[in-house]
**Q** 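Got a structure for you, written out below as structure tokens; questions coming shortly.
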Amino acid sequence: LTIYSNWRGLARSLLKTLPAALAAVGFFYVHVTYLSPETSVTGASSGARLSYLTTQFTVLLHYLGNFLLPLNLSADPDFVITATFLDQKKILGLFVILALLAAAAVFSRKRETLPVSYGIIWFFVALAPTSSIIPMGQVANSHRTFFPFVGLSLAAGWSVVLLLARYRAVLLQSPARKGLLVPALVAVFMLHAYGVYQRNEVWNSAESLWCDVTVKSPNNGRGLMNYGLSQMEKGRYEVAHDYFLRAVKLMPSWPYVHINLGILRNAMGFAEEAEGHFRNALRYGSGNPEPYYYYARWLKDRGEYDRAADLAERGLMLSPGHAGLAAMTRDLPAAVEAREDPVAYHEKTARAEPTAENYLALSLAYYRAGRYEDCIRACRKALAVRPDYAGAFNNICAAHNQLQQWDQAVDACKRALAISPDFPLARNNLDWALAERKN
């Protein structure tokens, strides 16, 4: 009778949540069928979904191991999808899943053990979006367990409470056991606190986080590339290049690693090699707007505006809401205008937006046109907006050098260096002015 009553209550609960469940299934169907391109991971075949699902049996063992003893935490564990089911870890993972579900069913029969059952079910339900039949780009990820582990913590914590209640008399009848109970609990909390501190050290920066991934998962192309990015940001180009090459060997068809190799090789002065990587990114990611954007940006910086515009338009056809591509299509006509008559373009820009940066750009256009007096006047206007603008003082110095007005040049460059001591252009212009003044 009790079981029958519970089933009736469950049926009522399911009936109440049925509209929300149907809406969720409907949204998922529309997303996969109409909103996801064929190249996306979400639009994978049924075979890929099954392989992803069975691989999650192994991933679940990894998650549970980290819950019991978190010694193998990684921001991006080194798991790959495998098609075969006849794998020891997959079979063991499936057995563990069935055992936990059976335990949840058994514990649901008694009111005192119901929280244990609830916690186990919580774990599986919260993990299902990333560990079921919807393939994700990353097969496993430690942060996906944050919410599911709330359920396991509830189940484990309540189990400990029940065990302590059951063996309370045994624990308290001996003074030695009673005295060890509190220190044992304190030790557990201190170990957890130490683990949290150590993990925060790893997650303190992108560099330390991805370095940890490369150590624990040396065959993870994403981890290698992301660590390379952290090195590129610090100007360690050779180190970044080494990690990018290691990543591209593991993931030769991943467009993002080719994009970053293109950006890096261009920064290192290898323009032809950089374009080859941008072409590869476009080749492997023709359905992704990012290769179009970064390739077009590179072409724009080189002054190849027609090719850049063509790529930007093709990218916008794939992703009309892409902010970078949309901005590029707006800016390209202005770039063409600036190339054809830079002085007129920057004069118009400075009139429309009289900022210090626009006046400085105008001064540079005057300088390149040989209009050195106008260059100085434009810099004075920039300084009226921003009195501590080292770039404006440097341009004044350079213009006075061209006019062979060495004293004024020395004064302007000294003021630029007083504001920005590590300003190589101002230092070079000052050396030129001082050398000529001696003569």
**Q** Check this for me: does any side-chain nitrogen of one of D212 and R199 sit under 4.0 Å from a carboxylate oxygen of the other?
**A** yes

**Q** I'd like to know if E112 and K110 make a salt bridge, using a cut-off of under 4.0 Å between side-chain N and carboxylate O.
**A** no

**Q** Strictly by modelled atom types, are N66 and N72 linked by a side-chain donor-acceptor pair under 3.5 Å?
**A**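 Not at all, the side chains of N66 and N72 share no donor-acceptor pair under 3.5 Å.
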
**Q** Take atom CZ in R307; do more than 12 heavy atoms of anything else shown fall under 6.0 Å from it?
**A** yes

**Q** A cation-pi test, strictly: NZ or CZ of R314 under 6.0 Å from the centre of the six-membered ring of Y292 and no more than 45 degrees from its axis. Yes or no?
**A**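 Because its charged atom misses either the 6.0 Å distance or the 45° angle limit, R314 does not stack over Y292.
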
**Q** Do you know the tightest heavy-atom contact between T54 and S51?
**A** OG1-O, 3.0 Å

**Q** Please check this pair: side chain of N141 against backbone of R144, looking for a donor-acceptor N/O pair closer than 3.5 Å.
**A**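 Looks like no, no N/O pair under 3.5 Å.
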
**Q** Do R297 and Y294 form a cation-pi contact, if we require the NZ or CZ to be under 6.0 Å from the six-membered ring centre and within 45 degrees of the ring's axis?
**A**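 Because its charged atom misses either the 6.0 Å distance or the 45° angle limit, R297 does not stack over Y294.
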
**Q** Is any NZ, NE, NH1 or NH2 atom of the basic residue among E207 and K234 found under 4.0 Å from an Asp or Glu carboxylate oxygen of the other?
**A**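 Counted as a salt bridge, because a side-chain N and a carboxylate O are separated by less than 4.0 Å.
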
**Q** State whether the number of non-hydrogen atoms from other residues, nucleotides or ligands found under 6.0 Å of Y118 atom OH is greater than 12.
**A** no

**Q** Between Y227 and Y243, what is the ring plane arrangement, given parallel below 30°, perpendicular above 60°, and tilted in between?
**A**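 Perpendicular: the ring planes of Y227 and Y243 meet at over 60°.
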
**Q** Any chance the side chains of T349 and N358 put a donor and an acceptor closer than 3.5 Å?
**A**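 No donor-acceptor contact under 3.5 Å links the two side chains.
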
**Q** Donor-acceptor check, side chain of S286 to backbone of L282, threshold 3.5 angstrom: yes or no?
**A**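 No; judged by distance alone, with no hydrogens or angles, the pair does not exist.
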
**Q** For T329 and L316, what are the C-alpha separation, side-chain angles and deciding distance, and is it a side-chain contact (heavy atoms from CB on, under 4.5 Å)?
**A** CA-CA 9 Å; T329 55; L316 278 175; 3.6 Å; yes

**Q** If you draw a 6.0 Å radius around CZ in F95, do more than 12 non-hydrogen atoms from other residues or ligands fall strictly inside?
**A** no

**Q** Please test D76 against N220 for side-chain hydrogen bond (donor to acceptor under 3.5 Å, both in side chains), starting from the C-alpha separation and ending with a verdict.
**A** CA-CA 8 Å; D76 192 353; N220 188 318; 3.3 Å; yes

**Q** Between the side chains of Q231 and H241, does any donor sit under 3.5 Å from an acceptor?
**A** no

**Q** Indicate the atoms forming the closest heavy-atom contact of W298 with A274, along with that distance.
**A** NE1-CB, 4.3 Å

**Q** Can you name the closest pair of heavy atoms from S132 and Q56 and give their distance?
**A** N-CG, 4.4 Å

**Q** Scan side-chain atoms only and decide if S208 and S205 contain a donor-acceptor pair under the 3.5 Å cut-off.
**A**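 Indeed, the side chains of S208 and S205 share at least one donor-acceptor pair under 3.5 Å.
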
**Q** Quick check on the 6.0 Å ring-centre criterion: do F278 and H258 meet it?
**A** no

**Q** Can a side-chain donor-acceptor contact be found between Y295 and E275 if the only test is distance below 3.5 angstrom?
**A** yes

**Q** For S420 and A390, indicate whether the former's side chain and the latter's backbone hold a donor-acceptor pair under 3.5 Å.
**A** no

**Q** If a pair satisfies ring-ring contact (aromatic ring centres under 6.0 Å, His included) and one of its residues is in residues 132-167, list it, with sequence neighbours excluded.
**A** F67-F149, W122-F147

**Q** Will you find, in the side chains of T84 and K90, an N or O donor that is under 3.5 Å from an N or O acceptor?
**A**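 The answer is no; no qualifying pair exists.
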
**Q** Does this structure show an ion pair linking E304 with K300, if we count only N-O contacts that are shorter than 4.0 Å?
**A**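 So E304 does not pair with K300 through a salt bridge.
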
**Q** Verify, without hydrogens or angle tests, whether N429 (side chain) and L425 (backbone) share a donor-acceptor contact under 3.5 angstrom.
**A** yes

**Q** Crowded around K216 NZ? As in, over 12 foreign heavy atoms under 6.0 Å?
**A** yes

**Q** Are any side-chain N or O atoms of S217 and backbone N or O atoms of T214, one a donor and one an acceptor, separated by less than 3.5 Å?
**A**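 Side chain of S217 to backbone of T214, a donor-acceptor pair under 3.5 Å: no, none is there.
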
**Q** Please confirm whether the backbone N or O of E273 pairs with a side-chain atom of R265, one donor and one acceptor, at under 3.5 Å?
**A** no

